[in-house]
Amino acid sequence: MPDQTLLAPEHLQTTAPTELWLAGRQTASSTGKTFPVLDPATGDVIARVADASLEDATAALDAAVDAFPLWSASSPRRRTDVLTRIFELVRERTEDFARTMTLEMGKPLAEARGEVAYGNEYFRWAAEEAVRIPGRFGTASQGNGHMLMTRTPVGPVLAITPWNFPLAMATRKIAPALAAGCPIIVKPSSDTPLTLLLLGEVITQAFAEFDVPAGLFSVLPGRGSAAMSEHLMSDRRLRKVTFTGSTPVGRTLVRQSAEHLQRTSMELGGNAPFVVAADADIDAAVSGAMVAKMRNGGQVCVAANRFLVDTSVVEEFTTGFLAAVEGIHQGNGFDDGVTLGPVITGRQRDEIHELVEDAVAAGARLLTGGEIPEGPGNFYPPTVLTDVPADARILREEIFGPVATITTFDSLEEGVARANDTEFGLAAYGYAGGVASAQYLTENLQAGMVALNRGQLSEPAAPFGGVGQSGFGREGGTEGIEEYLDIRYIALP
Ligand code: SIN
């Protein structure tokens, strides 16, 4: 049993379990090791969590392989019922999930509640889709036979999930995998393992109620993420890896997948532009900009990294945006009225600050923020920079924090060309008033997802994913379930 010493004040304690979920059981790591989880708002240790070993990972894969035949042969309606039950249980425990997320990740409680609702929708969507997995029938082109196309589950899946949305980034992998008929092993970020350990409790309860094989789902928190994924991927029984995280780690996983030709989905880094055309409604653009930039403290792959604004409206946009940014209330996510929490770690905060300092040294103008406050906690203030030189690192790299850069353009063609001047291609935002400028933006912004006159595009029913160095594969929508299905062609007389 890991040392469950909780040092945070009593009202901040989590109800989440702290041991591994290994095929329906809470167990200590086979090595007996644990690691601390910290509250980013205070630096306090909030729990010690079992540190999964390679032996634990093999045990989880053995259980997944054993559970696969029964689950993959189960009726679509049964999968719907199980996923619906998980959805109901998560909804009932919204407050437990939200408090756990605020505690280990730092986001304001209202945002954490929003993430529970959003993340849980992936279960509802997948439950509704499990009974609609399509097939196709046709006549062979020469008329000498028929063709039947069916879909079969790919097999055991490894999901590696990030800390920024501890629940939602996992549910959008777990729900479609289960709907497709696959077992799944989840490796949560070591910064935020508690949320998924809590989800393990809920899923285990739903599985027990429906007598579903418990080996379908395991949660393996641990510090050795690279070693664990390498170990599991060296086993040919693992058939799919789905990852949300940085582009360099994604590349390593894709390389490793070559050995056994495992299927991969890679949701990687972004550098989203937010283009404001001369004819845009500027009040609407400011509201959208606040969401696109400040949601989750800017710690979002699809966060707007670069605001590109037509010179004729930049003053109005900047004045409105600055006023809105100065109205942000930063603090501990549990406190009333707080709209911005800390960033996840001290290292992350220092990396954000380096980008700001580099831009200022290169000639950017700091309109607000830009100073690291006294501790405790990993706080970085909401920051706005203008006149950022084109070669500043902050325009090339993902910021992942509450920092906005504003630059200008003189024609929409120039604005879009600059927006597309990035190796990433996850999301892009455009604000325009007229049909021609709106159409120009949606047709020419190069990204897997383009939002027009909206600051938020994430949606369980839509395919989330990027192009270029932002990765490949989609999460959400019918496309999200396809990621867990192979196509079988049956030739018939
Ligand atoms: C992400 O950070 O990967 C995106 C989260 C979301 O908006 O769904």
Side-chain angles (χ1 to χ4, degrees), residues 97 101 105-108 110-126 159-176 186-189 191-192 195-196 242-250 253 264-274 288-305 340-341 343-345 348 352 397-403 424-429 447-451 454-477 479-480 483:
F97 278 102
M101 271 194 276
M105 188 274 168
K107 68 182 72 186
E111 275 198 60
R113 291 184 183 120
E115 181 178 342
V116 181
Y118 165 52
N120 203 19
E121 281 300 321
Y122 286 97
F123 285 120
R124 181 147 63 173
W125 170 264
I160 306 169
T161 65
W163 49 263
N164 59 341
F165 290 88
L167 184 68
M169 296 304 98
T171 57
R172 70 187 190 185
K173 301 178 192 305
I174 298 165
V186 188
K187 162 71 188 71
S189 162
D191 291 320
T192 56
T195 303
L196 285 191
T242 168
F243 171 67
T244 299
S246 75
T247 298
V249 173
L253 292 170
T264 55
S265 305
M266 295 288 140
E267 206 265 86
L268 309 178
N271 181 7
F274 187 111
M290 287 299 289
V291 178
K293 179 69 258 182
M294 296 299 173
R295 169 176 171 245
N296 213 39
Q299 301 172 110
V300 188
C301 300
V302 291
N305 232 43
L340 178 66
V343 297
I344 188 73
T345 59
Q348 179 77 14
I352 295 166
E397 297 176 24
E398 191 173 30
I399 304 170
F400 236 66
V403 177
F424 295 106
L426 189 57
Y429 304 83
M449 297 171 283
V450 177
R454 284 189 59 178
Q456 232 269 57
L457 42 64
S458 305
E459 156 63 51
F464 186 105
V467 298
Q469 301 306 302
S470 293
F472 45 76
R474 293 294 180 266
E475 296 191 310
E479 295 84 352
E483 298 284 331

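The basis for the numbers below is simple: all heavy atoms, side chains too, and nothing from hydrogens, waters or symmetry mates. Counting starts at 1 for both ligands and their atoms, in listed order. All figures in this text were calculated on a predicted structure; none of them were measured in a lab.
The closest side-chain donor-acceptor pair between S265 and K173, if any, does not fall under 3.5 angstrom. Under 3.5 Å, the side chains of Q469 and T247 contain no donor-acceptor pair of N or O atoms.
Remark: E459 does not engage R454 in a salt bridge, criterion side-chain N to carboxylate O under 4.0 Å. Using a cutoff of 4.0 Å between basic side-chain nitrogens and carboxylate oxygens, E479 and R474 are not scored as salt-bridged.
Checked against R172 for a salt bridge (Lys or Arg N to Asp or Glu O under 4.0 Å), the options E115, E121, E475 give a single hit: E475.
Using a heavy-atom distance under 4.0 Å as the criterion, the protein contacts of ligand 1 are Y118, N164, F165, M169, R172, E267, R295, V300, C301, V302, S458, F464.
For the pair K187 and F243, the NZ or CZ position fails the cation-pi test of under 6.0 Å to the six-membered ring centre and within 45 degrees of the ring normal.
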